[in-house]
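Here is the structure we will look at, set down as structure tokens.
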Amino acid sequence: MLGADVFMAAVAQGGAKLLPIDSEHSAIFQSLPADSGVWAQQIDKIILTASGGPFRRHEPAMLRNVTPQQACAHPNWVMGRKISVDSATMMNKALEVIEARYLFGLDPQQIEVVIHPQSVIHSMVQYRDHSVVAQLGTPDMRVPIAYGLSWPDRVASGAAALDFGAMGELTFESLTSNGHPQRFAGLQLAWAVLRAPSGSTAVLNAANEVGVAAFLDGQIRFDQIHAVNLETLDKTELGCPRSLDDLLAVDARARLVAAGVARRLGT
């Protein structure tokens, strides 16, 4: 969704049905009415859940000492190193906010994020009457993949069923509940780039990929990934991307800027 205007235009031109596979967006899709024509009239907001990653209880000052091994130790999901770091910074959720805005055609202010450490509720839809519909399941990507492959039917996914008797409590926290909103400062960039000129989302994605790679290589600190993202957004020339080639050019420029920022921070 980082070249969303171009991508969504291609979907519309081809008459395709776009099915989300990411667990949060699959959960939203499963919680929405089948008729997308009524979404705008019925939906108040969508609520993306986030585990909070391994550092949701850390003081912000402690994040400068985080190691790649610590950042990759997600409490609920088994993932690759890059996405595990994104979960630790909450940049994964920023990218999901961007994706949700285009997948479901809502205004950015209709997208909310709440921390749900157990990762059982994968996301929710709040309707105009303030009823809330949620999709629950074990944290296993086989569930949304199976639904995407079989939609509108359902097939066995191979994932374990929820055991409600053994589950324990489900808890929720606001992003600022611990008094340190700067712990997840990168998340706020999602709404910032959605308000910015076209191409800004592609810059954020490129910058973050370079920043995470630099952190995993030991070039910069964990807390400097956000600095790479901020400076790259500020310094990258966007142009006016209208095609895939335009977006690839923006991506390349952003990566050059981000690499320079990472080198400077690492000295």
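If you're wondering where the values come from, they're calculated on a predicted model, not measured in any experiment.
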Any side-chain to backbone donor/acceptor pair from [X] onto [Y]? Under 3.5 Å, distance only.
X: R101; Y: D107; value: no
X: H122; Y: G137; value: yes
X: Q42; Y: W39; value: no
X: S84; Y: G80; value: yes
X: T232; Y: V228; value: yes
X: S131; Y: Y127; value: no
X: T236; Y: L233; value: no
X: K93; Y: T49; value: yes
X: D163; Y: G165; value: yes
X: S87; Y: I83; value: no

Within the 3.5 Å criterion, strictly below it, is a donor on [X] or [Y] matched to an acceptor on the partner's side chain?
X: R195; Y: Q109; answer: no
X: H116; Y: Q118; answer: yes
X: D246; Y: S243; answer: yes

When you look at F184 and I115, which way does the side chain to side chain contact (heavy atoms under 4.5 Å, CB included) test go after all the steps? CA-CA 11 Å; F184 302 126; I115 294 177; 3.7 Å; yes
Does the side chain of [Y] come within less than 4.5 Å of [X]'s, by heavy atoms?
X: R242; Y: V6; answer: no
X: R154; Y: Q30; answer: yes
X: V193; Y: I98; answer: yes
X: R56; Y: P117; answer: yes
X: V257; Y: E237; answer: no
X: V155; Y: L149; answer: no
X: L265; Y: R221; answer: no
X: N229; Y: M91; answer: yes

Out of curiosity, [X] [atom1] to [Y] [atom2], how far, rounded to the nearest 0.5 Å?
X: K82; Y: N92; atom1: NZ; atom2: CG; value: 8.5 Å
X: D35; Y: L32; atom1: CG; atom2: CG; value: 11.0 Å
X: L230; Y: K235; atom1: CG; atom2: NZ; value: 11.5 Å
X: E96; Y: S23; atom1: CD; atom2: OG; value: 6.5 Å
X: D86; Y: R81; atom1: CG; atom2: CZ; value: 12.5 Å
X: R64; Y: F222; atom1: CZ; atom2: CZ; value: 13.5 Å

Is the number of heavy atoms from other residues, nucleotides or ligands within 6.0 Å of CD (Q41) greater than 12? yes
Give the minimum heavy-atom separation between [X] and [Y], together with the two atoms involved.
X: L238; Y: V203; answer: CD2-CG2, 3.5 Å
X: A159; Y: V143; answer: CB-CG2, 3.6 Å
X: V66; Y: Q70; answer: CA-OE1, 3.4 Å
X: A134; Y: S31; answer: C-OG, 3.7 Å
X: G266; Y: I220; answer: N-CG2, 4.2 Å
X: I21; Y: M141; answer: O-CE, 3.6 Å

Does [X] share a hydrophobic cluster with [Y], counting links as ILVMFWY side-chain heavy atoms below 4.5 Å and allowing steps through other members?
X: I46; Y: L187; value: yes
X: I121; Y: I28; value: no
X: L95; Y: V210; value: no
X: F164; Y: F172; value: yes
X: M62; Y: V85; value: no

Determine, stepwise, if the pair Q224 / F215 fulfils side chain to side chain contact (heavy atoms under 4.5 Å, CB included). CA-CA 8 Å; Q224 291 177 318; F215 165 66; over 6 Å; no
Over 60° means perpendicular and under 30° means parallel, so classify the ring planes of F29 and W151, tilted if in between. tilted
Quick one: which of V132, D44, I43 gives a side chain to side chain contact (heavy atoms under 4.5 Å, CB included) with V125? I43
Tell me, please, which residues at least two apart from R263 pass salt bridge (Lys or Arg N to Asp or Glu O under 4.0 Å). none
Side chain to side chain contact (heavy atoms under 4.5 Å, CB included) between M124 and E112: does it pass, once the steps are laid out? CA-CA 10 Å; M124 300 170 272; E112 182 179 312; over 6 Å; no
Would Y102 and F7 count as a close aromatic pair, with their ring centres under 6.0 Å? no
Verify side chain to side chain contact (heavy atoms under 4.5 Å, CB included) between V212 and T89, making sure each step is shown before the conclusion. CA-CA 10 Å; V212 170; T89 63; 6.0 Å; no
Does the pair R264/E231 count as a salt bridge with the N-to-O cut at 4.0 Å? yes
